[in-house]
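Structure first, commentary second.
Predicted model only: the values in this text are computed from it and were never measured. Throughout, a chain's letter reflects where its sequence line sits, starting with A, and its residues are numbered from 1.
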Amino acid sequence: MNYWLLKSEPEAFSIADLARRPRRTEHWDGVRNYQARNYLREMRRGDHAFFYHSNCAVPGIAGIVSIVREGYPDFTAFDPDDPHYDPKSTPDRPRWFMVDVRHERAFERIISLQELKSFPALAGMRLLARGNRLSVMPVTAAEWSAILSLE
DNA sequence: GCCAACGTTGGC
DNA sequence: GCCAACGTTGGC
């Protein structure tokens with residue numbers, strides 16, 4: 001099993017929103033960055049991911065989701081009315097992909113970015129790299145368990 | 001709201 | 001293929 005981190009602005013879609021979806025499952029759409037897209041396509045059913053809240057009062061990790069459907073074309077790219085519309089992505093030649101994620105659990109508290117930064121075991125974490133803007137990224141098994149120990 | 005960092009676009 | 005201009009991300 002591999003580990004990942006997925007960013008979302010909670011004002012747009014939070015971990016609580018995911019918990020309220022039917023079967024606590026939703027597609028993870030709107031990724032429009034090639035590196036992030038490639039990571040989405042590497043995800044396998046049963047992989048786990050942290051749900052990270054970005055661009056909000058207390059940015060940090062809010063809980064855990066699992067991958068329940070592997071990469072398939074992101075249909076929001078085909079919709080001219082969608083904010084993530086991309087005319088260069090077509091059903092015949094889809095450029096962007098998404099996965100389906102299921103809510104596993106929300107943490108009792110947000111493990112804040114500030115706290116992650118202060119934890120030496122996480123010094124090399126991709127999320128904390130200078131200037132990092134990726135919204136989908138891998139997490140190592142060591143980082144995963146270190147973060148769980150902070151909970 | 002500011003702005004640093006980064007990715008993408010497009011002229012050449 | 002270079003690189004300036006532009007748009008976006010996301011912490012603060």
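A salt bridge links A:Glu104 to A:Arg102: one of the charged nitrogens lies within less than 4.0 Å of a carboxylate oxygen. Between A:Arg95 and A:Asp74 there is no salt bridge, since no side-chain nitrogen of the basic residue lies less than 4.0 Å from a carboxylate oxygen of the acidic one. A salt bridge does not link A:Glu26 with A:Arg20: none of the charged nitrogens is closer than 4.0 Å to a carboxylate oxygen.
Taking the six-membered ring where tryptophan is involved, the planes of A:Trp144 and A:Phe50 are essentially parallel, since the angle between them stays under 30° and well short of 60°. The aromatic rings of A:Phe75 and A:His27 sit perpendicular, their planes meeting at an angle over 60°, well past the 30° parallel limit.
Between the CE atom of A:Met137 and the P atom of C:dT9 there is a distance of 14 Å, given to the nearest Å. Residue A:Asn33 contributes atom CG, which lies 18 Å from atom P of C:dG7 at whole-angstrom precision. Distance, A:Arg95 CZ to B:dG7 C1': 14 Å, rounded to whole Å. Atom P of nucleotide C:dT8 and atom CG of A:Asn132 are separated by 19 Å, given to the nearest angstrom. The OH-C1' distance, from A:Tyr34 to B:dG7, rounds to 11 Å in whole Å. Between the P atom of C:dT9 and the CG atom of A:Leu134 lies a distance of 12 Å, rounded to the nearest Å. One can place CD of A:Glu11 at 15 Å from C1' of C:dG11, the figure rounded to the nearest angstrom. Counting to the nearest Å, the C1' atom of C:dG11 and the CD atom of A:Glu9 are 12 Å from each other.
Nucleotides of DNA chain B nearest to A:Arg32 and A:Arg130 differ in position, and the one nearer the 5' end is that of A:Arg130.
Within residues 49-61 of chain A, the residues approaching DNA chain C are A:Tyr52, A:Ser54, A:Asn55, A:Pro59, by heavy-atom distance under 4.0 Å.
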Footprint string (nucleotides 1-6 of chain C, 5' to 3'): B base within contact, S backbone only, - free, heavy atoms under 4.0 Å: ------
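Residue A:Glu151 places its CD atom among more than 12 non-hydrogen atoms of other residues, nucleotides or ligands, all under 6.0 Å distant.
Not counting sequence neighbours, A:Tyr72 has no partner by the ring-ring contact (aromatic ring centres under 6.0 Å, His included) test.
In this structure, CD on A:Glu143 lies 8.5 Å from CG on A:Leu128, to the nearest 0.5 angstrom.
Taking the ring axis of A:Phe97 as reference, the NZ or CZ atom of A:Arg41 stays within 45° of it and closer than 6.0 Å to the ring centre.
Within the 4.0 Å cut-off from OP1 or OP2 of C:dT9, not a single side-chain nitrogen or oxygen of A:Lys7 is found. OP1 or OP2 of C:dC12 sits under 4.0 Å from a side-chain N or O of A:Lys117.
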